[in-house]
Amino acid sequence: MRGQPGRGRAPGERRGHLRGAVSIFGLLALAALVAAPGCGGSSTSAAVNGTSIVFVQVPADGTPSLTSRVDFRDPYPPGSRLAIWDPKRPGEPPRVLTEGFEAAGGPAVSHDGRRLLFCGRRTARDPWRIYEVAVEGGGPVAVSPEGANATRAAYLGKWGMADTYAERASEYVVFSSDLERTRDPRDGGAAFSLYTCRRDGSGIGRITFNPGSDIDPTVLGDGRILYSAWQPPGHGRPRGAWALFTVLNDGTQIFPFYGSHHPPAIKWRPREVGRRVVFLSADASEGGARLQAVSLSRPLHSLDEIGPPAGSSWRSAELWDRETLLVSARPSASGEGPRATFGLYRVPLSGKGEPTRVLDDPGMDEVDACLIRSRPPPNGHVSNVRPEKGTGELLCLDARITDRTGSAGRDPRTARKLRVWQGLPMPLDETSDPGEGLPYEVPSKLLTTVELARDGSVILEVPGDTPLRFETVDAEGRTVLDSKGWAWVRPGNGRSCIGCHEDREMCPPNRVPEVVAIGSAYQEEQRKRRTKPE
Amino acid sequence: MKRELRKIALAFGVPLAAVTLGIAAVFVLWAPGHVEAMSGNPDQPVACTACHLRGSAPRYFARGITYPSPAEMALSRDGNRLYVACEDTDEIAIIGTRGPALAGRFRVGKMPHGLAVSLDGSRLYVSLRGEGRCISLDAESGEEVASVAVGRFPCGLDITPNGKTLVVANSGSDDISIIDAATMTERSRLVAGREPYAVAITEDGARAFIANRMAAVAEFRKVTSAEMTAVDLQRHRVERRHLLASAHLSEGVAASGGVAIVSLCRVRNLLPITQLTQGWVMNSAVGFLSPLDGTLRQFPLDDAGACYADPSGVAIDEGRSRAYVASGGANSVTALDLGRMKALAAECEGDGPGKWADHLGVPSEYVLGRIPVGANPRSLLLSADGSRLYVAEHLSDSVAIVDTDALEVVERVSLGGPGEMTAERRGEMVFHRGSAFQGQFSCRSCHADGHVDGLSYDFLIDGMGRNIVDNRSLLGVAGTEPLKWIGKNKDIHRQCGPRFAMVLTMADPFLEEDLDDLVAYISSLPPAEPRDAAGELTPVQERGRAIFERTHTKDGEEIPPDERCSTCHRPPLYTNRLLTSVKTRMAIDDTDDFDTPHLAGIADSAPYLHDGRAKTLEEIWTVHSPEDTHGVVNDLTKTELNELIEFLKSL
């Protein structure tokens, strides 16, 4: 493609009179080029594309805890260990990777298929930490910081800041941890949040600020982190719920993915399989889990049941190939070959058809398996988060747009103001006491009340990295809509929404929101702020 | 020994000191005056290299190696030959469809784009984008038989079913040529929308639909609209101008069975760019002209979580009630269920794009499949029975053949090529790749053919609703650095680097090697061809040039250097590449000083000024510089101002 038909010019056609100067500068440039340090490319090692499986071996007597839904604080019983096994060499026993650990599990494979993240603890008194180990073996290296529990982890794409990206951007990992030591309103225990850091543990930063727990991160091909977040009671979830959310690797662009208002109440361990996401779900915190799937393109409207068959239990699912899942399953006790332990099985992606046994040691539970193979790294992200700024901006195009009915039957279009509440998570120490039953409501304070513009738009500068929830009120100050879930803005970042809980498949209207239009109070304030004093 | 050293020191040290003092004197005494004389600004914080080193870098617009780059296609009447316009190699490639294989080539004029075959199959009609002509060829020998001058940059071309009339979209002159095919004479020239690009004629030959690629220029911070022009081919009149609100990049159209479909990009440039999901910046879509009420509705092509950037060619299979749309930035063709779209269109009321235009869930209702194809699919063509869909893979230099039952590529015919991939060509691929977070858009989505989209955007990096910036052309941009309206980026490499990913694509920055290729491609884009320059300047343009270069007002008063046109817009680039204030700062701007834009191809790059507030060149002075803050024009008559503008259009 030549662009528009153009006026091609040969080199040197322009500015002939400057040729002398060019030659001098050319020599200088050449000298600079010669003096410049070399930029030799780093050697790229061959990717691993094997058929080996990494999984967690659990002594069979630990089985009962394996059906627990919310096991992020103490996910594996003593004696659990990480092992690798090649189905093409069935005669060879699994190779254990975590000798010396009291318990280990939760494997995640790097994109080059050469390394693994896992959670483990050396002794029963140690907290759970994230470690990295080479697939070929060697000593595990701690990734998450000492002194805090960290359980589930995944490899991210590259992450960095624009001005230093070329030199300093590096591969990050995401994990859930109780590093912040706040109380989880769900059960009063330690709340887990998502953190990212480099593989060597440096550059650690918190990226989710939900007062409840955020767990089970996995990374989608487009770079989003998909995870399970606890949502407080309200709006179709009387006891709260675990729902799936996405967030970018710097904590921006958080969006509900599936399940905030969809039964069952608990959804966890999501995994991308082709153009779908499979996840485990259950109504109660104990008992059998279901494997469900939604499409990546329409997660809110594409729920599909995959398994397990009646009577059997499934614990994890990962993609095996285009048409098959690798699940850890405890088959039905009925029929021939009853087994009481979890084993590894291949099942059709549809869930229909007979499972094919891959590995099932009657003395062990084999769970949380995934194939060790290379795959394209996910999208990275150039962050515009600026912690030093302290605040971020929130823009709502029309706070009267919603897919809900208003409180006490009020018309959402009667909203005139927006109240913003700041959550005050309780510290997790021995003296703090929620003082109420569980789950309890996170204490909050009114941060601000702002008028909506005539078009319903509103813009706010809010403290960054702070849990916020919103309430629209009418002219008499009565609640029109209130959110129960928590949102936040990263400092230096801006977040927008179309309305207050609008249809997530809607695009915004193309118009300048009144609150940021020329002549608005916001712009006047910005002008004053940015005009340098004489 | 000491003496000798002293001698050496004296021999070299004294002259060195003298030279150093001389240089210092130049910098302290002469340079400020020089900068002021050249820029009109005594306080310009500028290094010598801003003009001298970078400005003398070679501008290598001409690319030595060309690639077929297929544009439109046409089938012979018996369906045995597929003609393919190879836009960059100036050829028509012939593919034998039974086989299929490349069967030959015809050499033609510059940049063949549109194609049609005569009713008896003996003639091939070709629009030559690079020559402003439409020609007819002997379909066997490739000999040029006749030629007719049409508008500027003719692109899309179609022929009536009776073979008597050709319709050509003249993308560079914003008009439509209606041509008598037998005599190859132009019968009518009708005004189109902005940049008419593709043509589709209905089966009864009564009507032609023209897709206009760019949106019309709108009032500042108001919604723009592209146009689908409906032409009555009996009366040679524009029958209706269907507006596509918030649309641009509308470059494909098809009509059949009372339905017309036009591809488009639905932009939301009035919102701060805080996110890409939910179509926040743009989404791909089609316009669907409903046979029920004659209203052009819009339907998304993108899903909520997967996007199909740069929709381009369209084909309709009435028999199967299907349509196909190529997505150039996603290397994909989408198959659509026309029956379902008709039903959904029937649910829409009133005028406008309709209730589904902004709903990314609704494509699951009518998308039958997504077909992966080669790089940058542009035009589509169906076989007569609809069983095969030919896909021109513009950057793969090939034609893919899709089995429309299986919805998959079953054959691919290479159009040949140099067998060598240059950095510019690799960069062209990067440029056309949907590189945003979920593939929402490519570089091309805002810079089709490297030019502008005529829209202004609100980047988040400096606050919501602040520092609105007009999109600037990439044509001829090499050598005009610094870039950005605030002149912050010293070169194209920086402009397209990680900061670009941060503020726009919200994904990985381009890999370093991809970035180098992209820079090579952008640097190779030649300046836009002037709209009104036929070699020599006309007398009107000459008078305009004199005004542009004048140093005194009509009253004989000297115009201060910093208020002369030619000081800031200094030839040959028509920019001094420095920041200048022309007092256009608004309360939403953080600076008075903006980069002086080059003027090459300015006639086609409306709107103007840093934020696009001036809809026309004339408005720059009559509306936005009433106090002569942007040059001195208040002593000019209306006629003289027009002469100045005519000169600018020749640049």
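Proteins come first, then strands; the chains are lettered A, B, ... in the order of their sequence lines, and each starts at number 1.
- B/L460 touches chain A through its side chain: at least one heavy atom from C-beta onward sits under 4.5 Å away, while N, CA, C and O do not.
- When heavy atoms are compared at a cutoff of 4.5 Å, B/M464 approaches chain A by way of both its backbone and its side chain.
- Proximity to chain B is limited to the backbone of A/R495, based on heavy atoms less than 4.5 angstrom apart.
- Listed by chain and residue number, nothing satisfies the salt bridge (Lys or Arg N to Asp or Glu O under 4.0 Å) test with A/E393 (two or more places apart in sequence, or in another chain).
- Of the atoms belonging to A/L300, not a single heavy atom falls under 4.5 Å from chain B.
- Neither the backbone nor the side chain of A/P377 comes within less than 4.5 Å of any heavy atom of chain B.
- Contacts between residues 514-527 of chain A and chain B, defined by a heavy-atom separation under 4.5 Å, are made by A/V516, A/I518, A/Y522, A/Q523, A/Q526, A/R527.
- If you measure heavy-atom distances from A/I498 to chain B, the contacts under 4.5 Å come from both the backbone and the side chain.
- Shown here are the salt bridge (Lys or Arg N to Asp or Glu O under 4.0 Å) partners of B/D590, two or more places apart in sequence or in another chain: A/R530, B/R466.
- Only the side chain of A/E502 comes within contact range of chain B, with at least one heavy atom under 4.5 Å from a heavy atom of that chain.
- Looking at A/R275, only its side chain comes within 4.5 Å of chain B, counting heavy atoms on both sides.
- The contact between A/L395 and chain B is made by backbone and side chain atoms together, counting heavy-atom distances below 4.5 Å.
- Side-chain contact of B/R268 with B/N283: a donor-acceptor pair under 3.5 Å is present, judged by distance alone.
- Heavy atoms closer than 4.5 Å to chain A are found nowhere in B/L474, neither backbone nor side chain.
- At a 4.5 Å heavy-atom cutoff, B/D589 makes no contact with chain A through either its backbone or its side chain.
- Every side chain to side chain contact (heavy atoms under 4.5 Å, CB included) that B/F500 has, sequence neighbours left out, goes to B/L504, B/T505, B/F510.
- Judged by a 6.0 Å distance limit and a 45° cone about the ring axis, A/R504 is not positioned over the six-membered ring of A/F255.
- The greatest number of non-hydrogen atom pairs below 4.5 Å with chain B, out of A/P378, A/G223, A/P508, A/S302, is found for A/P508.
- With a 4.5 angstrom heavy-atom cutoff, A/S383 touches chain B only via backbone atoms.
- Note on B/I588, B/D302, B/D458: by heavy-atom pairs under 4.5 Å with chain A, the leading option is B/I588.
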